[in-house]
Amino acid sequence: MKQLFRFLPAVDACLDALNAQLPASREAPRPLVRHLVNAFLDMQRCRIQEGAMAEPAQLALPGCLPALKDFVREGLRPRLRHVLNATGVVIHTNMGRSVLARTAREAVARTAAGYNNLELDLATGERGSRHSLIEELLCMVTGAEAGLVVNNNAAAVLLILDSVCKGGEVIISRGQLVEIGGSFRIPDVMERSGAILREVGATNRCHLYDYSRAINANTRALLRVHSSNYRIVGFFKEVSLPELVQLGREHSLPVIEDLGSGSLIDFSAFGLPGEPTVQSVVSEGADLVSFSGDKALGGPQAGIIVGKRMYIEQLRVNPLHRALRIDKLTLAALEATLRLYLDPQRALAQIPTVAMLSCPPATLARRARSLASRLRRALGSAAHVSLVKNVSRAGGGAFPARDLPTSLVCLRPTACSAEDLKRRLLSAVPPLMGRLEEGAFCLDPRTLDAKELPLVARVIQQALRQEKETL
Ligand SMILES: *Cc1c(COP(=O)(O)O)cnc(C)c1O
């Protein structure tokens, strides 16, 4: 075995060979390429030790060069990369949630490329506030008196509770103490804020008297939290927002609503009923409403808070606000996204998340047929291609347990399993995420852009070809 180690090439010899044969490595930072070569050689040493590599010709330089090139090429690609989402889950947290509208992307690029008036008051030339840039627009689209934006909705909940409820009690229905994934638990965030949680009601039923009995001198607010990723059905009662607002008024307590996904468009016309819009929650009298920028809204990651000026002012002056503030790129993307909502028809057509959520089943069926014929042409006998009716999901805690009718393109490869194909596609360039349904690898056209379809066919074709070569 000792003998074999001597066949391993020198680092410099590897670097010279890469320089000559891999253009990407010529443009990359030298230390990164060197680091990758060392990692490759370490891997080869392990293989020798495991007895998996015993052929001198494969260890020495021309023999190992193809594997070395593959390894370095992969290592030089950015870690955060474009992924094709064929899962049909529109707001997919693992894949970056919302795709920005064209105008939002342009605003980000413009803002990134030069100086701007982020905190410059153009009327006076003095220091301004980044929040004043967006507040008016927030009020226009939601109907609220005032608004503020922080890093994400978890930060929004934290800032609200820290500003309004710290040291006191906040009353919440037991059925709304939710964990929303990524281990974000409402009770844990509340604890961090220094607010004391006062749970009322039973898991499935909560009455107005449960809240009113719990109110005492130490109570600071009444809180409602959207149940997001689950839905209680059957013997179930929740106190409505107007009832809670009435109770709050009687005791001079603010009513806070964490809407979670929070939408500015009523999706009930598109088969997604039962979700309040931000505007309706504001008009029903909630004092503070928080929601995410990158869920159903379809904008950048952000935590948007709207409501009564008096409370928004308390949040604004909280030192924690400084630690949770948004950056200029988020602000640029959010402004452009909100502007589209001034005309709901534009929002429906131009914000990808909104367009995907509201896409009619007939359009999806047509897209599925077109993808299927493209795949039949590209794959030939390598896979059987069929169409089946199924459902997509909104994801991101939006519209829990609501099915969105769709058409799936199902692939049954002839030379490998659907699981093998799924695994292979994860390391494709770009990677493709799909679904396994009844032994088939399925693609949902809802979350694929029309421009991505040729690429989808190409990566699947390559993945199946690869399979054949390794067999
Ligand atoms: C998603 C969600 C949050 C967290 O929002 P982020 O923007 O992901 O931080 C908070 N509350 C509810 C009810 C949610 O659904």
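Bear in mind that the values here come from a model prediction, so they are computed numbers and not experimental data. Scope of the values below: all heavy atoms of this structure, side chains included, with no hydrogens, waters or symmetry mates. Counting starts at 1 for both ligands and their atoms, following the listed order.
The pair R102-E106 meets the salt-bridge criterion, since a charged nitrogen lies less than 4.0 angstrom from a carboxylate oxygen. Using a cutoff of 4.0 Å between basic side-chain nitrogens and carboxylate oxygens, R316 and E135 are scored as salt-bridged. Salt bridge annotation for D449-R367: absent, with no cationic side-chain nitrogen under 4.0 angstrom from a carboxylate oxygen. The pair R325-E119 meets the salt-bridge criterion, with a side-chain N (NZ, NE, NH1 or NH2) lying under 4.0 Å from an Asp/Glu carboxylate O. Ion pair E199/R174 flagged as a salt bridge, since at least one NZ, NE, NH1 or NH2 atom sits closer than 4.0 Å to an Asp/Glu carboxylate oxygen. A salt bridge links R339 with E335: the distance from a Lys NZ or Arg NE/NH1/NH2 to an Asp or Glu carboxylate oxygen falls below 4.0 Å.
If you check the side chains of R435 and N390, you find a donor sitting under 3.5 Å from an acceptor.
When heavy-atom distances to ligand 1 are checked against a 4.0 Å cut-off, K295 comes that close only through its side chain, counted from C-beta outward. Of all the heavy atoms of R97, the ones lying under 4.0 Å from any atom of ligand 1 belong exclusively to the side chain.
Between D258 and ligand 1 there is a heavy-atom distance shorter than 4.0 Å.
Here's the thing with N153: one of its N/O atoms is less than 3.5 angstrom from an N/O atom of ligand 1. Between H226 and ligand 1, no pair of N/O atoms sits closer than 3.5 Å. Considering backbone and side-chain atoms alike, G396 places every N or O at 3.5 Å or more from each N or O of ligand 1.
Each of the following atoms of ligand 1 lies closer than 4.0 Å to a heavy atom of A154: 4 (C), 5 (O), 6 (P), 9 (O). Within ligand 1, counting atoms from 1 as listed, the ones closer than 4.0 Å to a heavy atom of N152 are 7 (O), 9 (O). Listed by number with element, the atoms of ligand 1 under 4.0 Å from a non-hydrogen atom of S292 are 5 (O), 6 (P), 7 (O).
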